[in-house]
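In what follows, a structure is listed as structure tokens, so that the remarks can point back to it.
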Amino acid sequence: QCTLWLRDRVYPGDLYYYITSFSIRVHIITWNVGSATPPDDITSLLGLNVGDGNTDMYIIGLQEVNSMINKRLKDALFTDQWSEVCMERLSPFGYVLVTSQRMQGVLLLVFAKYFHLPFLRGVQTETTRTGLGGYWGNKGGVSARMSVYGHTICFLNCHLPAHMENSDQRMEDFESILQQQQFEGQAATGVLDHDVVFWFGDLNFRIDDLEMQVVKSAIDNNKFSILWEKDQLNMAKDSETVLEGFQEGPLKFPPTYKFDVGTNTYDTSGKKRKPAWTDRILWRLRATAPAGAGKRGSISGLTSGAKVTQHNYRSHMEFTVSDHKPVSSIFTLQFPYKVDIPLVTIIVDDEWNSVADATAIFKLAPNYSRSSWDWIGLFKVGFKHYKDYVGYVWAKQEESDFLRQEHQVTFTEEELPKGSGDFILGYYSNNMSSIVGVTEPFQIVLPTSGDDTSSSDSSDVTSEDDSTVVMKMRSRSPSPRKGKHRGHPSGSRSRSGSPYQAQMKEVDVTKAPPPSTTAETDCKSIGGPAEGSSSHLSGPEEQEKNSQDPGV
């Protein structure tokens with residue numbers, strides 16, 4: 001689907017190419033989990049049993065995640081069960097958690113293939129509470145926005161008010177969420193300012209007018225079109241200005257609410273709730289107003305150049321832990337290509353066979369704003385998120401280095417894994433709070449007298465077969481070809497102390513003990529401290545430990 005031209009090399013050994021358009025494949029899931037614990041196997045929900053390997057990003061929106069006080073306190077210290085099960089299942093296939101945001105029971109997770117990480121920039125999240133007049137987070141919206149290869153995308157997960165009679169309140173809350181959620185930066189400050197918006201969640205719209213028997217008869221006979229005409233959301237599209245431009249695929253699956261837990265039988269309790277499509281996934285392209293048009297302009301194909309193709313839209317009846325069925329949809333997003341290169345290019349050997357080989361060269365793009373607290377992490381193939389590192393070194397910059405195009409770093413023996421395996425290097429930007437450069441997978445084969453183990457917790461969930469899946473993606477990596485660079489440079493030793501201490505005074509940092517080379521992701525939440533930890537900071541992720549709203 002692209003047109004490709006080759007041009008002269010910009011750097012020796014680096015190949016750059018231009019494409020007229022490019023596309024990414026996005027898999028979106030929404031599920032009201034009804035305070036249930038995760039099922040044993042979510043393979044079919046994620047589509048991993050299909051095995052096409054074409055999905056670039058997973059977006060998972062959950063509602064009614066258990067938010068009892070004791071559960072929330074536990075989740076503040078540990079990764080919540082739903083986030084953990086998603087990471088455990090996706091990480092062996094090369095998917096890394098880009099960002100997450102939770103507001104009580106509303107949880108949003110964004111995953112991407114590791115080689116896309118340098119091109120996902122400006123990642124921000126927002127939350128809006130609408131429960132109890134805006135004071136309670138059981139209802140509301142959680143969003144994540146980012147620039148994907150230069151094009152802005154916003155994912156909005158909502159849980160709107162329940163009950164048949166509250167259709168108008170649902171629209172008011174949705175409009176309030178759109179008004180309140182504002183992002184930093186010059187472009188795409190509001191949700192609808194993005195090139196593409198995906199809106200999904202338990203939107204709670206019901207089927208009006210029709211009696212229970214009529215609804216169930218239409219479901220039993222697969223005559224869903226009878227129900228579409230009375231669906232509150234479909235009817236609102238004709239009258240609500242705020243819904244202008246939102247699109248949705250045909251509802252060719254049975255209503256996803258309300259079921260007896262543990263069954264595929266619609267509600268048999270005394271309440272006998274009428275079945276409804278409460279769980280939905282919609283999208284919207286940013287409109288470009290024609291000359292002389294009003295602010296909103298026309299939606300008839302006058303967009304920012306993006307194109308969205310929906311491949312499927314379905315429910316998953318096999319999951320019975322909740323009174324809702326999960327809903328998923330797969331999209332291809334096609335954009336005009338914008339020439340882009342990683343902000344940081346890392347060059348590394350194909351193999352490290354000794355400690356002396358553990359060096360890497362990195363080059364900075366002219367527009368990259370570097371921080372003295374940037375670091376380069378060593379990640380085992382199948383890592384879960386940027387904190388799941390085996391070891392790291394500071395991307396130290398001396399005053400004499402400012403005019404140099406290439407910089408070299410060296411990993412010490414203490415920062416290397418004990419044994420062998422497949423790894424990548426990732427450059428973490430302190431200013432951007434994200435990985436802005438990665439290598440292709442390479443092998444580390446070091447002599448060892450003990451067992452072949454890795455200090456990264458991801459090794460516990462990454463089998464040899466899983467690593468093979470990721471290794472097959474080498475040709476899609478945005479990193480350049482690797483050259484041979486051996487030996488230790490003078491003056492490029494790693495800084496002692498932890499990247500977390502970037503927010504502390506330098507006088508304290510210099511006195512800090514050397515960091516642990518073990519990622520403690522199994523004993524703390526994303527951005528949270530390890531259980532029993534004190535005010536002492538002990539790893540790179542602590543630098544941002546106060547930057548996320550825990551949603552309490």
Applying side chain to side chain contact (heavy atoms under 4.5 Å, CB included) to Asn221 and not counting sequence neighbours gives Ser217, Lys223
Would you check if the side chain of His163 reaches a backbone N or O of Glu165 as a donor-acceptor pair within less than 3.5 Å? no
For Lys237, enumerate each residue passing the salt bridge (charged side-chain N to carboxylate O under 4.0 Å, His left out) test, keeping only those at least two apart in sequence or located in another chain. Glu248
Identify, with sequence neighbours excluded, every residue that meets salt bridge (charged side-chain N to carboxylate O under 4.0 Å, His left out) alongside Arg273. none
With no hydrogens and no angle check, do the side chains of Thr30 and Gln63 hold a donor and an acceptor under 3.5 Å apart? yes
Under 3.5 Å, is there a donor-acceptor pair linking the side chains of Thr128 and Gln180? no
Testing the 3.5 Å rule here: is there a donor-acceptor pair between the side chains of His316 and Ser44? no
Output all residues satisfying side chain to side chain contact (heavy atoms under 4.5 Å, CB included) with Thr43, sequence neighbours left out; order by chain, then residue number. Asp41, Leu48, Asn49, Arg89
Please determine, by modelled atom types, if Thr309 and Gln334 share a side-chain donor-acceptor pair under 3.5 angstrom. no
Do Thr320 and Val261 have side chains that approach each other closer than 4.5 Å (heavy atoms only, starting at C-beta)? no
By side chain to side chain contact (heavy atoms under 4.5 Å, CB included), Gln169 pairs with (sequence neighbours left out) Pro161, Asn166, Glu172, Asp173
Taking only distance into account, with no hydrogens and no angle test, what donor-acceptor pairs under 3.5 Å do side-chain atoms of residues 202-211 form with protein atoms, sequence neighbours excluded?
{"residue": "Asp202", "atom": "OD1", "partner": "Asn204", "partner atom": "N", "Å": "3.3"}
{"residue": "Asp202", "atom": "OD2", "partner": "Asn32", "partner atom": "ND2", "Å": "2.8"}
{"residue": "Asp202", "atom": "OD2", "partner": "His159", "partner atom": "NE2", "Å": "3.2"}
{"residue": "Asn204", "atom": "OD1", "partner": "Arg206", "partner atom": "NH2", "Å": "2.9"}
{"residue": "Asn204", "atom": "ND2", "partner": "Leu160", "partner atom": "O", "Å": "2.8"}
{"residue": "Arg206", "atom": "NE", "partner": "Asn204", "partner atom": "O", "Å": "3.1"}
{"residue": "Asp208", "atom": "OD1", "partner": "Gln232", "partner atom": "NE2", "Å": "3.1"}
{"residue": "Asp209", "atom": "OD2", "partner": "Lys230", "partner atom": "NZ", "Å": "3.4"}

Is there a ring pair (Phe, Tyr, Trp, His ring centres under 6.0 Å) between Phe383 and Tyr389 once you walk through the steps? CA-CA 7 Å; Phe383 70 105; Tyr389 55 86; over 10 Å; no
Under 4.5 Å between any side-chain heavy atoms of Ser91 and Phe111, yes or no? no
Under 3.5 Å donor-acceptor, Lys325 side chain and Met317 backbone: yes
Which pairs count as salt bridge (charged side-chain N to carboxylate O under 4.0 Å, His left out) when at least one residue sits in residues 257-266, sequence neighbours excluded? Lys258-Asp323
Basic-acidic side-chain contact under 4.0 Å: Arg284, Asp195: no
Contacts of Ser225 that satisfy side chain to side chain contact (heavy atoms under 4.5 Å, CB included) - sequence neighbours left out: Trp228
Residue pair Trp199, Phe155: steps toward the ring pair (Phe, Tyr, Trp, His ring centres under 6.0 Å) verdict: CA-CA 6 Å; Trp199 173 39; Phe155 303 100; over 10 Å; no
Are side-chain heavy atoms of Tyr386 and Ser434 found at a separation under 4.5 Å? no
Sequence neighbours excluded, which residues qualify as ring pair (Phe, Tyr, Trp, His ring centres under 6.0 Å) partners of Phe331? Phe198, Trp283
Would you check if Ile177 and Cys158 make a side-chain contact, meaning some heavy-atom pair closer than 4.5 Å? yes
Sequence neighbours left out, what passes ring pair (Phe, Tyr, Trp, His ring centres under 6.0 Å) with Phe183? Give chain and number order. His194
Using the test salt bridge (charged side-chain N to carboxylate O under 4.0 Å, His left out), find all partners of Glu126 that sit at least two apart in sequence or belong to another chain. none
Strictly distance-based, threshold 3.5 Å: is any side-chain N or O of Gln247 a donor or acceptor partner for the main-chain N or O of Leu282? no
The ring pair (Phe, Tyr, Trp, His ring centres under 6.0 Å) partners of Phe335 (sequence neighbours excluded) come to Phe22, His151
Run the ring-centre check on Tyr313 versus Phe253 and record whether the distance is less than 6.0 Å. yes
